[in-house]
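Residue numbers run from 1 in the order of the sequence given. Keep in mind it's a predicted model, so treat the numbers as computed, not measured.
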Amino acid sequence: MSASNQPVKIDPEHFFDFISRPGPVVLFLSLHPAHPFNRALCGRLRDGQGDEVPVGSVGILELLLSASPALPFLHDGLLACGVTQLFHVLPGYYLFCAGQMLAWDSGLPIRQDVKAIARGSLLGAFVSAYTKNLSFLGMSLHFAADEAAADRLAARFGRAVADQRARPRPAAPPSSADEVLNAYQVLGVPPTATDDEVET
C-alpha cells in the first residue's frame, strides 16, 4: 500500500508478476476513474501472519488496450470461483495467492450491509438536521457504505486465505531420478547393475 492509502498502480505487463507473489495479494480492477478504490480497506486486509496484504490496481481499459492475457485469465478465475457473469471480467476486488485466484467481490454494498449503513448514517442525519446542510447526510451514507463493504470484504478474503492455507498441499510429482530408482527396485537389481545383469 502506498502512503496515500491507495493501491499500487500495476502496469498490464507486470500483472502476472504482481499476482504471482508467494503470499496473498488483492487486485482492484477499476472500470472507470469514477470507480474509486475503497480507502476503508486500508489496513484491514491481513494475511495469516497478521501482515498487511499488498493491494494493486489496474484498469479494465488498460488491459483491453494492451491485449493482455490477463483478461482471459481473470475470466477463468471468476468461473473457477463460481462467479456468474454477463461480461468477460468484472470490476472489483480479486484475491490471489501465488497466482491462484481465491475470491472476488464487487466491493459494493449488499443487503447484509443495510443495518450497518443505517446505523452509520444516523449521525449524518442528525448533523444535517442541525446544520440544515444535506451534504453531511450524503457524506455519512458514503462513509458508512464504504466501512460496511470493507468489513465484509476483509472478513471474506480472510476466510479465503485461511481456507487456502488449511488445504493439504499436493504431493510433489516424482522426479526422473525417483522413477529410475523405482524401475531398478521393480526389476530387483541394484542401481549399479550392468546392462547384462538387468537383462538376466
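The side-chain contact (heavy atoms from CB on, under 4.5 Å) with P54 is formed by just one residue from the set L45, L27, V26, V25; it is V25.
Taking CE of M101 as the start and CG of L78 as the end, the distance is 4.0 Å to the nearest 0.5 Å. The distance from atom SG of C97 to atom CG of D163, rounded to the nearest 0.5 Å, is 12.0 Å.
Scanning all heavy atoms of the two residues, the minimum distance from V161 to P24 falls at CG2-CB, 3.8 Å. Residues E52 and C42 come closest through the heavy atom pair OE2-C, 4.5 Å. The minimum heavy-atom distance linking S68 with P72 is given by the pair O-CD, 3.9 Å. A pairwise comparison of heavy atoms in G56 and I10 identifies CA-CG1, 3.8 Å as the closest pair.
Partners of R159 according to the salt bridge (charged side-chain N to carboxylate O under 4.0 Å, His left out) rule, which considers only residues two or more places apart in sequence or in another chain, do not exist here. Here F73 pairs with F16 under the ring pair (Phe, Tyr, Trp, His ring centres under 6.0 Å) rule; sequence neighbours left out. F157 meets the ring pair (Phe, Tyr, Trp, His ring centres under 6.0 Å) test with no other residue; sequence neighbours excluded. Residues passing the side-chain contact (heavy atoms from CB on, under 4.5 Å) test with S20, sequence neighbours excluded: none. D146 is linked by a salt bridge (charged side-chain N to carboxylate O under 4.0 Å, His left out) to nothing, counting only residues two or more places apart in sequence or in another chain. Applying the ring pair (Phe, Tyr, Trp, His ring centres under 6.0 Å) criterion to H14, with sequence neighbours excluded, gives no partner residue. For L31, the side-chain contact (heavy atoms from CB on, under 4.5 Å) test picks out H35, I60, P91, with sequence neighbours left out. Legend: residues meeting salt bridge (charged side-chain N to carboxylate O under 4.0 Å, His left out) with D151, ordered by chain and number and at least two apart, are R44.
At a threshold of 4.5 Å between side-chain heavy atoms, the hydrophobic network of Ile, Leu, Val, Met, Phe, Trp and Tyr places L71 and L79 in two separate groups. Linking Ile, Leu, Val, Met, Phe, Trp and Tyr residues whenever their side-chain heavy atoms come within less than 4.5 Å leaves L153 and F143 in two separate clusters.
In this structure, D11 contributes its side chain and E13 its backbone to no donor-acceptor pair below 3.5 Å.
Among pairs with a residue in residues 60-83, those fulfilling salt bridge (Lys or Arg N to Asp or Glu O under 4.0 Å) read K9-E62, at least two apart in sequence or across chains. Pairs passing the salt bridge (Lys or Arg N to Asp or Glu O under 4.0 Å) check and including a residue from residues 90-109, sequence neighbours excluded, read D105-R152, D105-R156.
Cluster partners of L65, by chain and number: L61. The rule joins Ile, Leu, Val, Met, Phe, Trp and Tyr whenever side-chain heavy atoms lie under 4.5 Å apart.
Taking 4.5 Å as the limit, some side-chain heavy atom of L29 sits within range of a side-chain heavy atom of L63. In this structure the side chain of F28 never reaches within 4.5 angstrom of the side chain of L41, judged on heavy atoms. Counting heavy atoms from C-beta outward, P7 and F37 have side chains that approach closer than 4.5 Å.
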* To do: Let me see the working for I19 and Y94 under side chain to side chain contact (heavy atoms under 4.5 Å, CB included), right down to the final yes or no.
  => CA-CA 10 Å; I19 67 163; Y94 291 74; over 6 Å; no
